2 protein chains.
Amino acid sequence: MDTPRDHLRDLFRAAGRRLTAQRRLVLEVLEASTEHLDAETLYERARVHDPNISLATVYRTLAVLKEMGLVEEHRLGEGHSHYESVRGGPHYHFICQGCGRVIEFDTPLVAQIEQELRDREGVLVLGAHLHLSGYCAQCQQTMHQQEEANRQ
Amino acid sequence: MDTPRDHLRDLFRAAGRRLTAQRRLVLEVLEASTEHLDAETLYERARVHDPNISLATVYRTLAVLKEMGLVEEHRLGEGHSHYESVRGGPHYHFICQGCGRVIEFDTPLVAQIEQELRDREGVLVLGAHLHLSGYCAQCQQTMHQQEEANRQ
DNA sequence: CCGTTATTGCGAATAATTCGCAGTAGCGGG
DNA sequence: CCCGCTACTGCGAATTATTCGCAATAACGG
Ligand SMILES: [Mn+2]
Ligand SMILES: [Mn+2]
Ligand SMILES: [Zn+2]
Ligand SMILES: [Zn+2]
């Protein structure tokens with residue numbers, strides 16, 4: 001019988017890589033989080049379990065996990081990247097410019113767009129990042145209230 | 001009668017900013033290009049016309065132009081940003097992982113996705129970046145040929 | 001248990017972008 | 001056309017994010 005850990009090791013072996021404690025840890029931290037973590041935060045959380053892990057290893061591990069398709073990298077408008085483990089199907093992101101909140105959503109229309117582009121240009125689509133930005137319902141409220149306050 | 005230059009100055013004045021020679025130049029370089037330029041390339045091209053312009057000013061100008069909605073910033077998978085002037089309607093990007101070629105395309109489906117999200121979450125959508133990646137028709141060909149060669 | 005070598009930790013290096021500051025120049029008003 | 005205010009610029013240094021070089025370590029196939 002296969003434990004999940006064995007399965008993960010097989011994934012690494014198939015990719016000609018070794019499953020190290022650090023790599024397992026980084027992946028665990030990512031899988032334990034519902035947020036999109038940046039490298040520094042990931043590093044801090046990993047250090048709780050392994051105080052010796054280095055930031056360089058976190059970056060190197062993220063690159064490996066990304067290459068293996070276990071992790072996705074996102075640019076959420078800040079000067080650095082955020083990461084999340086690949087769970088279910090693909091999904092997309094809305095980022096509020098006011099509070100930074102990220103709303104995840106899915107839609108079959110992206111697949112439809114991919115299909116269109118494949119037909120029209122003959123490209124092979126492997127990844128799709130849709131990144132909407134603006135203001136969440138809450139921040140719109142806040143802004144309206146501020147406008148009223150200013151008018152007084 | 002309004003010359004385009006006057007119009008541009010009005011845009012800046014309305015934003016409480018000054019229209020400087022450097023800003024006009026950076027915008028001209030961007031508008032003269034069909035590609036997505038990075039800051040360094042933009043800097044080099046601007047220096048042809050104004051050898052004294054500084055890289056810091058290029059970055060500061062890009063920030064201003066972006067804020068004014070005249071320029072868009074893109075992350076095309078490299079470690080730095082690319083910029084393009086905002087011309088007609090919105091459009092989206094496919095980046096080939098093989099050759100780096102960027103294919104621009106448009107589709108009403110993105111607006112439809114925005115609409116859906118607005119209805120479902122009450123958000124105000126101000127920007128949409130759709131970034132597909134994979135292999136262009138040409139690079140797929142090249143890859144297939146290499147596979148055959150390897151099989152010999 | 002061994003040997004090979006992929007991987008790690010560390011600190012230094014790089015790349016991209018931003019900042020601080022003193023000097024310059026855009027532009028509204030007279 | 002000239003002035004004055006202050007936004008903007010060039011310069012070099014500082015920051016931030018990420019990558020590298022290298023010697024020591026540990027994964028794992030045999
Ligand atoms: Mn997500
Ligand atoms: Mn474009
Ligand atoms: Zn918000
Ligand atoms: Zn290509």
Side-chain angles (χ1 to χ4, degrees), chain A residues 3 5-27 29 36-44 46-68 70-71 73-83, chain B residues 3 5-27 29 36-44 46-68 70-71 73-83:
Chain A
T3 72
R5 175 171 299 179
D6 287 339
H7 176 247
L8 193 59
R9 174 140 56 209
D10 289 345
L11 273 183
F12 276 83
R13 182 168 38 198
R17 327 203 83 124
R18 295 176 184 177
L19 176 55
T20 66
Q22 292 91 336
R23 287 176 177 175
R24 217 180 301 133
L25 175 55
V26 168
L27 193 53
V29 170
H36 301 81
L37 305 177
D38 58 34
E40 198 65 41
T41 306
L42 194 37
Y43 175 47
E44 279 167 26
R47 261 201 298 188
V48 173
H49 299 275
D50 174 1
N52 290 321
I53 194 170
S54 78
L55 182 56
T57 292
V58 169
Y59 275 109
R60 282 185 293 226
T61 299
L62 286 170
V64 167
L65 294 175
K66 203 173 61 163
E67 203 178 297
M68 294 175 64
L70 299 176
V71 158
E73 180 178 8
H74 296 289
R75 283 273 162 182
L76 300 177
E78 296 178 77
H80 54 262
S81 291
H82 289 248
Y83 302 85
Chain B
T3 71
R5 174 170 301 179
D6 286 340
H7 177 245
L8 192 58
R9 171 142 52 209
D10 289 345
L11 272 183
F12 275 82
R13 183 169 37 200
R17 328 202 83 122
R18 295 177 184 175
L19 176 55
T20 67
Q22 292 91 334
R23 288 175 176 176
R24 216 179 302 132
L25 175 56
V26 167
L27 192 54
V29 170
H36 302 81
L37 304 177
D38 57 35
E40 197 66 40
T41 306
L42 193 38
Y43 175 46
E44 279 166 27
R47 260 200 300 187
V48 173
H49 298 275
D50 174 0
N52 291 321
I53 194 171
S54 79
L55 182 56
T57 292
V58 169
Y59 274 109
R60 282 185 292 227
T61 299
L62 286 170
V64 167
L65 294 176
K66 204 173 60 160
E67 204 179 297
M68 294 175 65
L70 300 176
V71 158
E73 180 179 7
H74 297 289
R75 283 273 161 182
L76 301 177
E78 296 179 77
H80 54 262
S81 290
H82 288 248
Y83 301 85

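Numbered from 1 within each chain, the chains take letters A, B, ... in sequence-line order. The model shown is predicted, which means the values in this text are computed figures rather than measured ones.
- Classification of B:Arg75 and A:Glu73 as a salt-bridged pair fails, no side-chain N sitting under 4.0 Å from a carboxylate O.
- Rounding to the nearest 0.5 Å places OH of A:Tyr83 at 13.0 Å from NE2 of A:His36.
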(request) Evaluate the side-chain contact (heavy atoms from CB on, under 4.5 Å) criterion for residues A:Glu67 and A:Arg17: first the C-alpha distance (whole Å), next the side-chain angles of each, then the deciding distance (0.1 Å), finally the verdict. (result) CA-CA 12 Å; A:Glu67 203 178 297; A:Arg17 327 203 83 124; 3.2 Å; yes
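- Look at CZ on B:Arg23: it is 15 Å from P on C:dA25, rounded to the nearest Å.
- For D:dG10, the OP1/OP2 oxygens have a side-chain nitrogen or oxygen of B:Thr57 closer than 4.0 Å.
- Between the NE2 atom of B:His82 and the C1' atom of C:dA15 there is a distance of 13 Å, given to the nearest Å.
- Side-chain contact between A:Val71 and A:Leu27 is present, with heavy atoms from C-beta onward closer than 4.5 Å.
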Atom pairs under 3.5 Å, N or O on each side, protein against nucleotides 14-17 of chain D: can you list them with distances?
| from | atom 1 | to | atom 2 | distance (Å) |
| --- | --- | --- | --- | --- |
| D:dA17 | OP1 | A:His80 | ND1 | 3.0 |

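- Rounded to an integer number of Å, the gap from CG of B:Asp50 to P of D:dG10 is 6 Å.
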Could you list the protein-to-nucleotides 1-5 of chain C atom pairs, N/O on both sides, closer than 3.5 Å?
| from | atom 1 | to | atom 2 | distance (Å) |
| --- | --- | --- | --- | --- |
| C:dT5 | O2 | A:Arg18 | NH1 | 3.2 |
| C:dT5 | O2 | A:Arg18 | NH2 | 3.4 |

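- Contact of B:Arg13 with C:dG28 (side chain to base): no donor-acceptor pair of N or O atoms is detected under 3.5 Å.
- Set against C:dC19, D:dT18, C:dT8, the side chain of B:Ala56 has C:dC19 as its closest nucleotide.
- Nucleic acid contact class of B:Asn52 (heavy atoms, under 4.0 Å, all strands): sugar-phosphate only.
- Contact between the side-chain N/O atoms of B:Gln22 and the OP1/OP2 oxygens of C:dG26 is not found at any separation under 4.0 Å.
- Counting any heavy atom pair closer than 4.0 Å across all strands shown, B:Arg60 reaches a base atom.
- With contacts defined as side-chain heavy-atom distances shorter than 4.5 Å, the pair B:Arg24/B:Leu19 qualifies.
- Annotation: side chain of A:Glu40 is in contact with side chain of A:Leu55 (closest heavy-atom distance under 4.5 Å).
- As rounded to whole Å, 13 Å separates atom C1' of D:dT19 from atom NZ of A:Lys66.
- Applying the side chain to side chain contact (heavy atoms under 4.5 Å, CB included) test between A:Thr61 and each of A:Thr57, A:Val58, A:Val64 identifies A:Thr57 as the sole match.
- Not one side-chain nitrogen or oxygen of A:Thr20 sits closer than 4.0 Å to the OP1 or OP2 atom of C:dA6.
- Rounding to the nearest 0.5 angstrom, the gap separating the CZ atom in B:Arg23 from the CD1 atom in B:Ile53 is 11.0 Å.
- In this model, no side-chain donor or acceptor of B:Arg9 finds a partner on the base of C:dG26 within 3.5 Å.
- To the nearest angstrom, C1' of C:dT17 lies 14 Å from OH of B:Tyr43.
- Rounded to whole Å, atom P of D:dT9 lies 10 Å from atom CG of B:Leu19.
- Of all heavy-atom pairs between A:Ala39 and A:Leu62, the closest is CB-CD1, 4.4 Å.
- Per the geometry, CD1 belonging to B:Ile53 stands 18 Å off P belonging to C:dT24, to the nearest Å.
- Using a 4.5 Å heavy-atom threshold, the side chains of A:Gln22 and A:Val26 count as separate.
- Distance CG (B:Leu55) to P (D:dA13): 15 Å, rounded to an integer number of Å.
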